Protein chains: 2
Amino acid sequence: MATIYEVSELAGVSLATVSRVLNNSDKVSPATRAKVEAAMRELGYRPNTIAQSLASNRSNSVGVLVPELDGAFFGIMLSSIEDELRAAGKHVIFSAGHSDEEKEKASIEFLASRQCDALILHVFAVSDEYLGTLANGPVPIALIGRNLPEIPGRCFSLDNEEGSYQATRALVELGHRKVAYLAGPLWKSDARARFVGFQRALAESGLSFDQALLAEGNYQEASGKQGMRSLLRAGKPFTGLVSANDEMAIGAIEEVRERGMVIPDDLSIIGFDNVFFTRFMNPALSTVNYPIDVMGRMAARSVLRDVYGQEGLEIRNRFEPALVRRASVARHAQ
Amino acid sequence: MATIYEVSELAGVSLATVSRVLNNSDKVSPATRAKVEAAMRELGYRPNTIAQSLASNRSNSVGVLVPELDGAFFGIMLSSIEDELRAAGKHVIFSAGHSDEEKEKASIEFLASRQCDALILHVFAVSDEYLGTLANGPVPIALIGRNLPEIPGRCFSLDNEEGSYQATRALVELGHRKVAYLAGPLWKSDARARFVGFQRALAESGLSFDQALLAEGNYQEASGKQGMRSLLRAGKPFTGLVSANDEMAIGAIEEVRERGMVIPDDLSIIGFDNVFFTRFMNPALSTVNYPIDVMGRMAARSVLRDVYGQEGLEIRNRFEPALVRRASVARHAQ
DNA sequence: GTATAGAATGTAACCGCTTACATTCACTTC
DNA sequence: GAAGTGAATGTAAGCGGTTACATTCTATAC
């Protein structure tokens, strides 16, 4: 691989001049620029990004941490982040935190040790305090699905409470008076917010919340199935179910089916997140849309703006959920 | 951030010695090693990976190119690759090729310009010739879902023909005599192989292949729906459908449903790939398992072995598909 | 014609590490 | 006791760029 030195030789200029045309900065006369570019072409020269990084103290890489690399939900986000950053000539290093505090910290360590210029994190397990000190450290961070007062401009979140409020309202308006709730892990802030929205909708409709109609899961399919089993076993009748996310809703549906109940005739179900395969289900699952793709894109833009000094980027920080009505809910005959 | 120089000062040794304990190579006396380690700890020293890369001419990063970053299928692969490589202290740079020749080439260019030590590619659009010259270039590549004679040890593939052969046989054995085929884009080698397996199973069962029962799609949902529409419109009756992948099968199912037909009573359907949500469908989709996760892992290991000199890794190159029987197929009453 | 300013280009130090080679030093060996 | 040996450590030259500062050159003003 040719180096900048060889290019300078061939073009008959100094290293500095070649570097200047490379960074098309400063003033280089059109004539020398042309000479240098010709030399680069002739040698098939491509800058060594590692050397550039070392000299400029900028790696042009941003680290992205998500709970899981697979999974319907995060793939979308990864995709939009990569798309946006790649277009700006930056590259992305991904890592998975597996919703475990130690693993999340280890991954952050790992990414930081990789000289990332910035980190985009979708984490739950680490504390606000930890994130606070991290945010005050040398490498800037952006947060998806979480708010940190220290860096309001680089936090991107959805109004989770509003989302399940809408979902619950939809069920109530269809005549459901007994509505169960399948909660996410309540130590996670978003799971709590979603639960609050559910309760608020109930209260506003003059319905009381019944502890026996609550089950807590971990956002995964199996826990949804198990949650539904415990709800049914409790014996309190209900005609609607609001699930804190789509995956648990799927688990719940499996359980319901195994008992010979049919959806939505015997039970109306509504999920949250609008992961892509909810459309494919039969009946298609009603859910609440979570615009994770644009949120990822916005986070990417915020680092483009704050870290790389790019200007004129359109950025939004707060997002509104939107109800997606499909066949898994039906009117309840009073 | 502390540098190796400060560590050497504090420990009272030379730069080289610090570097030696860092790479725990060579012989360093236990005493000096301890001194150095203490100094590193005291300074909170962490090596600058960029500088290491520049000096050692090794970036410790491997580039991974997939058609799409989102999507049920590739997420699994990304996940296992990251897992395996991360455990070895390497990091992964992902990029998407979008099954487009120019974009795939651009992504490969991009990854190579990032000084990746190796590339793991899941590509279709670029030619064998292009891959051949790439493989002879300076950066080693590994291929998933494709074979290149130049690098047999770093190609990882599934016997696609066998997979659809099995799927088709399964339908035939259930009494289906009229079986339609929803092909992938036939310019892709795997789509062709799958189609061949279908034809072979038919021939072996003494059934003739009817051109009117063939539709070609692009592996995406919408094309499956459209393919099914054209099959139905053609008017030739059939009781079974083999789809070249699961996503198209989903599209086909939508179309079928809209016409009031029920699966599997009116039509038995079988897909290919066993993407995770096939389980969630109702009825659950029969399919052919594609062990993309272990294939990704194996590709990662092959670069660990060939590029980073790691030994004792268990590696397999060829994989066998396996039929997954679920509720979307039923016996056809003769 | 000389002084002077500003644009274009060059010089060289540095980024933080690796590594070939040189040096030191404590033991053996005869 | 001199010479030889090998392990531990040090020296210094890169790796391929960036960039502050110095230098050269040209055009303008007087």
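The structure presented is a predicted model; accordingly, all values stated were derived computationally and were not measured. Residue numbers start from 1 in every chain, and the chains themselves are labelled A, B, ... in the order their sequence lines are given, proteins ahead of strands.
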Rounded to the nearest angstrom, tell me the gap between atom [atom1] in [X] and atom [atom2] in [N].
{"X": "B:R46", "N": "C:dG16", "atom1": "CZ", "atom2": "C1'", "value": "15 Å"}
{"X": "B:R20", "N": "C:dA20", "atom1": "CZ", "atom2": "C1'", "value": "10 Å"}
{"X": "A:L54", "N": "D:dG14", "atom1": "CG", "atom2": "P", "value": "17 Å"}
{"X": "A:N60", "N": "D:dT18", "atom1": "CG", "atom2": "P", "value": "11 Å"}
{"X": "B:N57", "N": "C:dT19", "atom1": "CG", "atom2": "C1'", "value": "13 Å"}
{"X": "A:L22", "N": "D:dT18", "atom1": "CG", "atom2": "C1'", "value": "10 Å"}
{"X": "B:R58", "N": "C:dC17", "atom1": "CZ", "atom2": "C1'", "value": "16 Å"}
{"X": "A:L15", "N": "D:dC21", "atom1": "CG", "atom2": "C1'", "value": "16 Å"}

Distance test, side-chain N/O of [X] to OP1/OP2 of [N], below 4.0 Å:
{"X": "A:T3", "N": "D:dG16", "result": "no"}
{"X": "A:S56", "N": "D:dG17", "result": "no"}
{"X": "A:Y5", "N": "D:dG14", "result": "no"}
{"X": "B:Q52", "N": "C:dG16", "result": "no"}

Original post:
Do the charged groups of A:R301 and A:E84 touch, with an N to O distance under 4.0 Å?
Top reply: yes
Side chain of [X] only, please: which of [options] is the nearest?
{"X": "A:N48", "options": "C:dT19, C:dT9, D:dG16", "value": "D:dG16"}
{"X": "B:T17", "options": "D:dG16, D:dG17, D:dT9", "value": "D:dT9"}
{"X": "B:T32", "options": "D:dG14, D:dT9, D:dC21", "value": "D:dT9"}
{"X": "A:N23", "options": "C:dT19, D:dG16, D:dT18", "value": "D:dT18"}
{"X": "B:A16", "options": "C:dT11, D:dT11, C:dT18", "value": "D:dT11"}
{"X": "B:A51", "options": "C:dC15, C:dG10, C:dC17", "value": "C:dC17"}
{"X": "A:I4", "options": "D:dG17, C:dT18, C:dA8", "value": "D:dG17"}
{"X": "B:A55", "options": "D:dG17, C:dG10, C:dT18", "value": "C:dT18"}

**OP:** Give a yes or no on whether the ring-centroid distance for B:F276 and B:F73 is below 6.0 angstrom.
**Re:**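 That pair fails the under 6.0 Å test.
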Original post:
Only one of B:D306, B:I120, B:I315 forms a side-chain contact (heavy atoms from CB on, under 4.5 Å) with B:R154, so which one is it?
Top reply: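 Exactly one pass, corresponding to B:D306.
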Subject >> Main-chain N/O of B:A125 paired to B:E104 side chain as donor or acceptor, under 3.5 Å >> reply: yes
Subject >> Exam field: side chain B:N48 to backbone B:I50, donor-acceptor pair closer than 3.5 Å >> reply: yes
Original post:
Does the side chain of A:V303 come within less than 4.5 Å of A:K90's, by heavy atoms?
Top reply: no
Original post:
When we call it a touch if two heavy atoms are under 4.0 Å apart, what does B:S19 touch: a base, just sugar-phosphate, or nothing?
Top reply: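 The answer is base, as B:S19 lies within the cut-off (heavy atoms under 4.0 Å) of a base atom.
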Original post:
For A:V13, which contact category applies under a 4.0 Å heavy-atom criterion: base, sugar-phosphate, or nothing?
Top reply: sugar-phosphate
